[in-house]
There are 2 protein chains.
Amino acid sequence: MPMGRLRDRQRVETRAVILEAALDLMETKGYEHTTVEDIAAASGVSSRTFFRYFESKADVLFDKHDSDADHDDKSQAMTAALANRPASESTIEALRAVLHDKLGELFDHDDGFKLRQLRVVLAEPSLRLLAREGFHEHGPQLAAAFAQRLHTTPDDLGPRVLAAAFQEAIWVILERWSASGGELDRLPVLIDEAFATMATGFR
Amino acid sequence: MPMGRLRDRQRVETRAVILEAALDLMETKGYEHTTVEDIAAASGVSSRTFFRYFESKADVLFDKHDSDADHDDKSQAMTAALANRPASESTIEALRAVLHDKLGELFDHDDGFKLRQLRVVLAEPSLRLLAREGFHEHGPQLAAAFAQRLHTTPDDLGPRVLAAAFQEAIWVILERWSASGGELDRLPVLIDEAFATMATGFR
DNA sequence: GACTATGTGTCATAGACTGACAGAATGTCA
DNA sequence: TGACATTCTGTCAGTCTATGACACATAGTC
């Protein structure tokens, strides 16, 4: 018994309206100084309804919805790309190559919506935590890719640790990148710099 | 003009009472189901007073007080130990050796108070974030130690990334360790396993 | 003993979030 | 089209974390 389509459209619409209003307010007034009631008022709904669309105030910035596809897509693409690198490459070199290809794309989508979210998030320490957590959710996937290259099981501590280490490395790169302006061209440069040090640091 | 000592003793005492009461309640009822008012009542103070001793409810579990000394001490000890490892060792090998020496000590103190805190923290996802954040606060120190070994500047992206990567690796090791029982003897084993994979993964 | 600094309780309030209920809109089906 | 169920929404009430303001008591100083 499939439910109608007008309802669905309205739901998507309302969600989008709230999302835009919230982001808009947070960009100008800051996250803390934007109350849920503000957002609700600006969206033309009640604050109770806001919570029917988003689990929490912070959830507006970590929008797992159209992201859901993205989320897994990015992960999948990453893993696949990693698997397709020649086995002759070291793990670190393969990852560097993949990052060069894929990381830039992540911020080139969405009409810069993700970038706007990122800026608000990075401005608020408490949100940085959540962002990093979301980032690390890809850990198991990445670990699986590493396990394949290293001929071990994904559940082993080794690949898991390796993945976590690289993820945190990427995270720091992103923070540094955003702190230094966030120019898309700068990203590959920072990646190379960081990975060069890691290569020597582990030898 | 030095203020009295009875006051100081009372303050320390009250803090300790709240700390113990809070941890006790959280262990039995769980973090979320323990309200500040519960803690206050069990401690014989008002909830307003609770917030005069701790910035937030979570702050009880990330006690920067007697930790303050510990906090820096551990960091210092770690950095010093790292500097004292022979220059012939690789960075990864030096760190492994230091962890073997120092990491166990961290949970052998405090009459297991830190361990009790850790268990409550790990049971609550939202608290894991904070814990990891606190853990990563040592980042700059560790980066400095690495910079010294690698003959670069601590502010460089390289050492910073390297430190972050290793820290996250350690964090994952700790999570795995705690999830698998938390026996003190197991820790070195896990460290070795993880570092072995990292060494091959980076080659 | 007078004076000051500090700690505490009480009261009031803001803000995030949740449950319960009623009414309105949307969907299905005869 | 009209009866019926489903879903969405607003309103209201309430919990919990956290903060500011005020008054009172206690500890410290001279």
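By convention in this document, chain letters (A, B, ...) are assigned in the order of the sequence lines, proteins followed by strands, and residues within each chain are numbered from 1.
Contact annotation: A/Tyr53 reaches the phosphate of D/dT9 (side-chain N/O to OP1 or OP2, under 4.0 Å). Regarding contacts with the backbone of D/dT11, every side-chain N or O of A/Arg48 stays at 4.0 angstrom or more from both OP1 and OP2. Residue A/Gln10 has a polar side-chain atom (N or O) positioned under 4.0 Å from OP1 or OP2 of C/dT26.
Across the protein-nucleic acid pair, B/Leu130 atom CG and D/dT17 atom P stand 15 Å apart, rounded to whole Å. Counting to the nearest Å, the C1' atom of C/dA12 and the CZ atom of B/Phe51 are 16 Å from each other. For B/Asp38 and D/dA18, the CG to P distance is 14 Å, given to the nearest whole Å. Atom pair B/Ile39:CD1 and D/dT17:P shows a separation of 8 Å (rounding to whole Å applied). For B/Phe54 and D/dT19, the CZ to C1' distance is 18 Å, given to the nearest whole Å. Atoms CZ (B/Arg9) and P (C/dG7) sit 15 Å apart, rounded to a whole Å. Between the CZ atom of A/Arg11 and the P atom of C/dA25 there is a distance of 18 Å, given to the nearest Å. Rounded to whole Å, the distance from CD on B/Glu13 to P on C/dG7 is 16 Å.
Here the side chain of A/Thr49 is nearest to one of D/dT17, C/dT10, D/dG10, namely D/dG10.
Screening A/Leu23, A/Leu61, A/Val121 against A/Arg116 for a side-chain contact (heavy atoms from CB on, under 4.5 Å) leaves a single residue, A/Leu23.
B/Pro154 approaches B/Ala144 most closely through the heavy-atom pair CB-CA, 3.9 Å.
Toward the 5′ end of DNA chain C lies the nearest nucleotide of B/Ser47, the other residue of the pair A/Thr35 and B/Ser47 mapping further downstream. The residue among B/Gly44 and A/Arg52 whose nearest nucleotide of DNA chain C is located toward the 5' end is B/Gly44.
Note: B/Trp171 and B/Phe135 have tilted aromatic rings, judged against thresholds of 30 and 60 degrees for the angle between ring planes. Between A/Phe166 and A/Phe195, the ring planes are parallel. Angles under 30° get that label, and only those over 60° would be called perpendicular.
In this view, A/Phe51 and A/Val36, A/Arg48 satisfy the side-chain contact (heavy atoms from CB on, under 4.5 Å) rule, not counting sequence neighbours.
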